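Treat the numbers as computed from the prediction; the structure is a model and nothing was measured.
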Amino acid sequence: MSQITVTLPDNSTRSFDSGVTPQEIAESIGSRLAQDALAAQVNGQSVDLNVPIEADAEVAILTGDSPEGHEVLLHSTAHLMAHAVKELFPDAKVTIGPAIENRFYYDFDIDGTFSYEDLVKIEEKMRELAENDHAVTRLELRRDEAVELFNEMNESYKVEIIEQIEGDDCISAYTQGDFTDLCRGPHIPLTGKIKYFKLLNTSGAYWRGNENNKMLQRIYGTAFSSKKSLNKYLNFLEEAKKRDHRKLGKELALFTFDEEVGPGLPLWLPNGTVIIDELEALAKETEDKAEYQRVRTPHLTKGSLYEKSGHLEHYQETMYPSMDVDGIEYYVKPMNCPHHHKIYAAHPKSYRDLPVRLSEYGTCYRYEKSGQLFGLMRVRSMQMNDAHIYCTPQQFKDEFLAVCKMYLYYFDIFGIDKYQLRLGLHNPEGLGGKYIDEPELWKQTEAEVRQALIEGNIDHEEISGEAAFYGPKIDVQVWSAIGKEFTLATNQVDFAIPKRFGLTFTDEGGREQTPICIHRAPLSTHERFVGFLIEHYGGDFPLWLAPIQVAVLPVSDKVIDYAKNVETALKEAGIRVQLNGQPNKVGAKIRQAELQRVNVMLVVGEKEAQDNQVALRRRFKGDLGTQSLDDVVTELKTEIETRRNTYRTN
RNA sequence: GCCUGCGUAGCUCAGUCGGUAGAGCGCUUCCUUGGUAAGGAAGAGGUCACCGGUUCAAGUCCGGUCGUAGGCUCCA
């Protein structure tokens with residue numbers, strides 16, 4: 001028998017007989033590794049542990065600690081769950097059951113639904129099947145054999161999948177006990193390797209995600225290779241719930257919804273409005289520096305404008321129904337762009353006027369389907385941090401980059417470091433339908449955008465079929481505390497609508513030309529951005545954003561007059577202050593301030609009153625001793641004015 | 001929009017077998033005047049989401065509507 005050389009991840013090499021399996025390699029390294037091994041990677045390809053290796057190869061043994069190994073574990077646990085469901089509900093048909101980030105799911109076609117009690121039973125059955133330690137074996141079939149096998153089992157969804165698998169590759173299935181499932185693999189070798197798992201929740205899910213298809217029943221679950229990491233994940237889910245902006249929004253009295261007002265229509269309470277005002281102040285300051293001009297436009301507009309802009313054609317289902325005014329159709333506006341185009345068109349433009357940058361905190365209304373609404377993150381009335389930049393083709397790259405840089409400037413202020421920039425491109429099949437039919441312009445604009453990003457050294461990912469109907473766009477994705485993904489900032493290039501609106505400028509040679517338009521909303525909508533910030537900060541806003549910046553806590557009523565002086569001094573310095581004059585002990589007042597997440601507490605008693613001092617206490621830092629009132633005011637003012645983001649030290 | 005769960009005081013929640021509603025926090029008043037996360041007492045506060053049905057009797061059972069939660073799909 002010939003020998004082969006196996007290279008391990010630490011670059012060490014070992015010799016084995018040809019035909020050695022990853023399991024045997026793991027055993028030769030150590031019994032602990034052999035026990036923990038779930039699958040292997042051979043030359044970067046994930047494979048089962050019992051696949052013979054015939055030639056020299058790079059081999060990595062996968063345990064649940066690696067992302068790839070964890071994925072195998074999750075996927076195998078999905079199979080275990082399907083196995084359990086088939087035992088308990090023989091009429092259920094299996095469909096798909098992939099691993100997703102830290103979780104897995106499996107969709108079943110069953111009569112009725114899964115109840116919470118069913119979940120408990122399924123989990124029990126899974127434990128039983130795991131303890132039986134069934135071998136998981138791979139089966140390789142020709143297409144016709146596979147169709148026959150799954151037809152016999154009456155698994156029509158699997159047959160549909162097999163028929164759509166491309167290429168002539170053999171089709172694989174995995175069997176454990178009485179359960180066989182179509183699957184590419186790899187899988188763990190024994191069900192006994194699955195020890196720490198939990199089913200999380202159920203939901204409906206359309207077959208292939210298409211709402212015209214049958215609704216299946218989905219079960220989500222999770223699995224880990226140790227009890228510790230499972231508990232860590234479950235604990236993370238609990239902690240995330242505490243950061244949920246809907247919960248914190250209620251606790252901190254930031255916003256509310258009212259049944260009689262309507263779903264998706266938030267009411268901003270005074271505390272939340274403070275945050276919005278601060279964001280607007282930041283945006284105005286930044287946009288002034290970048291030479292934007294502010295404009296205002298109406299909430300209502302004739303339908304004919306949206307016919308011209310293409311919104312009625314491309315966007316109508318997310319617009320509120322029209323209203324009849326004097327026999328003419330009007331709509332509440334879903335976007336500000338057509339109005340801004342009209343402002344551009346109000347006066348003739350020379351190339352000397354460009355770029356024109358029009359900004360507005362414009363209120364828009366969008367009819368989102370009821371099931372889509374989600375706290376502040378997806379609402380039906382919203383205020384955008386919107387602007388449209390009109391420029392010459394020569395100016396385009398610089399303007400585009402300046403917009404991207406503005407995102408990064410904001411993200412730095414807010415300490416947002418987990419985000420992903422996505423460049424959405426058109427796909428040629430969508431031309432004339434989803435996308436404006438200008439193939440050459442698409443190519444040219446996309447190339448320029450890509451070039452601008454490269455020159456600006458801005459990391460991004462390109463996604464085909466994700467453009468706006470009038471041009472390529474950049475979305476900045478972020479994740480909420482509970483793991484939902486959202487588009488925060490957005491930035492779109494529009495080479496089409498300015499032409500439709502007849503927007504022009506006169507160039508150096510006296511010729512009329514059409515400007516390019518950049519749509520941009522770096523701070524998203526007020527609603528979504530505040531929702532995101534609540535979760536980002538976990539309710540502990542930096543001082544400049546905090547609705548209540550300072551709480552003044554008199555030790556007793558004897559010093560209430562001095563406490564009022566302190567309050568006045570802070571107010572005069574432009575600091576948002578709350579005096580707690582309740583007849584309580586100072587401990588109780590501190591507790592109240594802490595629960596409201598007030599970062600700065602000024603305790604004042606007779607000692608402080610004597611020589612104009614305050615005892616400073618800060619959240620996460622505790623008692624910081626007595627200081628002069630003037631010094632504290634100066635310090636706080638600086639912290640607020642510089643929008644410092646570093647006070648939280650834990 | 002679709003599937004499933006939930007809806008009781010301002011908030012968090014209890015309410016068993018169908019017999020007309022409870023706690024803690026918060027709020028108001030009074031007592032206490034205090035030194036870094038809860039001092040004490042009393043009081044007010046409810047169309048049990050809404051509409052209808054079953055029943056001698058409905059917070060509880062049934063149907064519908066609205067809202068909300070978790071998903072599917074889309075999006076700022």
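- Closest to the side chain of A:K585, out of B:rA37, B:rU33, B:rG39, is B:rG39.
- Residue-level contact check: A:N584 touches the bases, meaning some heavy atom is under 4.0 Å from a base atom.
- Electrostatic pairing of A:D107 and A:R218 counts as a salt bridge here, judged by a charged N lying under 4.0 Å from a carboxylate O.
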Going through the checks in order, is the salt bridge (Lys or Arg N to Asp or Glu O under 4.0 Å) test met by A:E567 and A:K564? CA-CA 5 Å; A:E567 183 191 22; A:K564 281 180 182 160; over 6 Å; no
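- If you measure from atom CG of A:N201 to atom P of B:rC72, you get 10 Å, rounded to the nearest angstrom.
- Listed candidates were B:rG1, B:rG71, B:rU4. Nearest to the side chain of A:R380 is B:rG1.
- Base pairing annotation: B:rG19 forms a Watson-Crick or G-U wobble pair with B:rC56, both donor-acceptor distances under 3.5 Å.
- Side-chain contact check for A:L305 versus A:Y331: every heavy-atom pair is 4.5 Å or farther apart.
- Contact of A:Q477 with B:rA76 (side chain to base): no donor-acceptor pair of N or O atoms is detected under 3.5 Å.
- The residue A:A521 sits apart from the nucleic acid: no heavy atom pair falls under 4.0 Å.
- Base pairing analysis places B:rG26 opposite nothing; no Watson-Crick or G-U wobble pair with both distances below 3.5 Å involves it.
- Looking at the side chain of A:V586, the nearest of the listed nucleotides B:rU4, B:rC72, B:rG35 is B:rG35.
- On a pure distance criterion of 3.5 Å, a polar donor-acceptor pair joins the side chain of A:R378 and the base of B:rC74.
- Both A:R528 and A:K369 lie close to RNA chain B; mapped to their nearest nucleotides by heavy-atom distance, the more 5′-ward contact belongs to A:K369.
- Look at A:R246 and you'll find a side-chain N or O under 4.0 angstrom from OP1 or OP2 of B:rG70.
- Among the atoms of the strands shown, only primed sugar atoms or phosphate atoms (P, OP1, OP2) are found under 4.0 Å from some heavy atom of A:Q217.
- The A:A615 side chain lies nearest to B:rG35 when the options are B:rG35, B:rG1, B:rC3.
- In the set B:rC72, B:rG67, B:rA76, the nucleotide with an atom closest to the side chain of A:A205 is B:rC72.
- Nucleotide B:rG46 has no partner under the Watson-Crick or G-U criteria, as no pair reaches both atom distances under 3.5 Å.
- Across all strands shown, B:rG35 remains unpaired; no Watson-Crick or G-U wobble contact has both distances below 3.5 Å.
- A:F374 has its CZ atom 7 Å from the P atom of B:rG71, to the nearest Å.
- Screening A:Q477, A:H460, A:E461 for a side-chain hydrogen bond (donor to acceptor under 3.5 Å, both in side chains) with A:Q420, the sole residue that qualifies is A:E461.
- In a base pair of the Watson-Crick type (N1 to N3 plus N6-O4 or O6-N4) or a G-U wobble (N1-O2 and O6-N3), with each distance short of 3.5 Å, B:rC72 is matched with B:rG1.
- For the residue pair A:K473 / A:T490, no side-chain donor-acceptor distance below 3.5 Å is found, with atom types taken as modelled.
- Between A:K589 atom NZ and B:rG26 atom P there is a gap of 15 Å when expressed in whole angstrom units.
- Residue side chain A:Y206 does not reach the base of B:rC3 through any donor-acceptor N/O pair under 3.5 Å, judged by distance alone.
- With hydrogens and angles left out, the side chain of A:E259 and the base of B:rU68 share no donor-acceptor pair within 3.5 Å.
- Nearest to the side chain of A:M215, among B:rC75, B:rA37, B:rC3, sits B:rC3.
- Taking 4.0 Å as the cut-off between side-chain N and carboxylate O, A:E485 and A:R422 count as a salt-bridged pair.
- When Watson-Crick and G-U wobble pairs are counted only if both distances are under 3.5 Å, B:rG7 pairs with B:rC66.
- On a pure distance criterion of 3.5 Å, a polar donor-acceptor pair joins the side chain of A:E608 and the base of B:rG35.
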